[in-house]
Chemist: 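Handing you this structure, nothing more for now.
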Amino acid sequence: MFSLRRCWIRFEGDDQDLPDGTALGCGVTAIDLKDAIELINRLLFDGMAASISEIVEDVDVSTFDEGHLLPNLGDVKRRGIWLPAR
């Protein structure tokens with residue numbers, strides 16, 4: 001059995017060039033960092049490599065903004081992208 005890790009990833013580029021809902025970043029739960037990046041590239045960037053500016057591994061989602069981010073999260077306990085919620 002393996003444990004999943006939550007990552008918060010921010011991207012380089014202008015907001016209008018990023019996938020919808022990712023201007024502040026993207027939340028993903030994955031097996032490891034490589035898996036997280038593969039999920040993001042496949043599901044958000046149509047198979048292209050995302051230009052990543054920052055990665056926070058094992059992010060504590062309880063510290064997220066209560067007014068915007070927390071109410072919009074998907075399931076952070078399952079493997080996959082949870083912000084933008086899918």
Side-chain angles (χ1 to χ4, degrees):
M1 184 59 121
F2 56 86
S3 61
L4 296 174
R5 302 182 74 181
R6 284 190 291 269
C7 299
W8 183 254
I9 299 177
R10 291 195 172 114
F11 306 107
E12 295 177 356
D14 296 326
D15 293 353
Q16 68 267 17
D17 296 330
L18 297 174
D20 289 341
T22 63
L24 297 176
C26 172
V28 59
T29 299
I31 297 166
D32 55 25
L33 186 55
K34 180 182 177 197
D35 184 43
I37 293 169
E38 288 173 356
L39 285 169
I40 287 169
N41 288 341
R42 183 168 45 90
L43 299 174
L44 290 180
F45 287 87
D46 296 324
M48 303 297 291
S51 294
I52 296 171
S53 63
E54 180 183 11
I55 299 172
V56 179
E57 294 183 77
D58 301 317
V59 66
D60 180 358
V61 296
S62 70
T63 65
F64 284 7
D65 172 39
E66 293 180 16
H68 177 69
L69 290 180
L70 284 179
N72 292 299
L73 298 183
D75 187 351
V76 301
K77 295 179 182 173
R78 291 184 44 217
R79 182 178 173 266
I81 295 172
W82 38 266
L83 192 75
R86 304 191 76 65

Chemist: How far apart are the C-alpha atoms of R79 and L39, what are their side-chain angles, what is the distance that settles it, and do they pass the side chain to side chain contact (heavy atoms under 4.5 Å, CB included) test?
Modeler: CA-CA 9 Å; R79 182 178 173 266; L39 285 169; 3.6 Å; yes
Chemist: With a 4.5 Å heavy-atom cut-off, do N72 and P84 have their side chains touching?
Modeler: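 A side-chain contact is absent here, since even the closest heavy-atom pair is not under 4.5 Å.
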Chemist: Test L33 against every option in D35, I31, I37 by the side-chain contact (heavy atoms from CB on, under 4.5 Å) rule and name the one that passes.
Modeler: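 Option passing the side-chain contact (heavy atoms from CB on, under 4.5 Å) with L33: I37.
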Chemist: Nearest 0.5 Å, please: how far is CG in L83 from CG in L73?
Modeler: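 Answer for the CG-CG pair, L73 versus L83, is 5.5 Å.
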Chemist: By side chain to side chain donor-acceptor pair (under 3.5 Å), which residues pair with Q16, not counting sequence neighbours?
Modeler: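 Residues passing side chain to side chain donor-acceptor pair (under 3.5 Å) with Q16: none at all.
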Chemist: Kindly give the heavy-atom pair with the smallest separation between T22 and L44, and that separation in Å.
Modeler: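 Between these two residues, the closest heavy atoms are CG2-CD1, 4.0 Å.
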Chemist: Grab the two heavy atoms, one from R78 and one from T29, that are nearest each other, plus how far apart they are.
Modeler: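 Between these two residues, the closest heavy atoms are O-CB, 3.2 Å.
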Chemist: For a quick test of reading the model, state the closest non-hydrogen atom pair linking K77 to L4 and the distance between them.
Modeler: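 Looks like O-CD1, 3.7 Å.
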Chemist: Kindly work out whether a path of hydrophobic side-chain contacts (I/L/V/M/F/W/Y, heavy atoms less than 4.5 Å apart) joins L43 to W82.
Modeler: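 In one cluster: no.
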Chemist: If you round to the nearest 0.5 Å, how far is SG of C26 from CD1 of I81?
Modeler: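 Spacing of CD1 (I81) from SG (C26) equals 4.5 Å.
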Chemist: State plainly whether one hydrophobic cluster holds both V56 and I40, where clusters connect Ile, Leu, Val, Met, Phe, Trp and Tyr through side-chain heavy atoms under 4.5 angstrom apart.
Modeler: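 Looking at the clustering, I40 is in a separate group from V56.
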Chemist: If you compare all heavy atoms of A36 against all heavy atoms of C7, which two are closest, and at what distance to 0.1 Å?
Modeler: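 In terms of heavy atoms, the two residues are closest at CB-SG, 4.3 Å.
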Chemist: Kindly write out the residues that satisfy ring pair (Phe, Tyr, Trp, His ring centres under 6.0 Å) with W8, not counting sequence neighbours, or none if the list is empty.
Modeler: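 Partners of W8 under the ring pair (Phe, Tyr, Trp, His ring centres under 6.0 Å) test: F64.
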Chemist: Restricting to pairs with a member in residues 6-27, which pass salt bridge (charged side-chain N to carboxylate O under 4.0 Å, His left out), not counting sequence neighbours?
Modeler: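 Passing the test, one end in residues 6-27: R10-E54.
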Chemist: Identify whether F11 and L24 are in the same connected component of the hydrophobic contact network (ILVMFWY, side-chain heavy atoms under 4.5 Å).
Modeler: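 Different hydrophobic clusters.
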Chemist: So how far is it from E57 CD to D32 CG, rounded to the nearest 0.5 Å?
Modeler: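 It comes to 9.0 Å.
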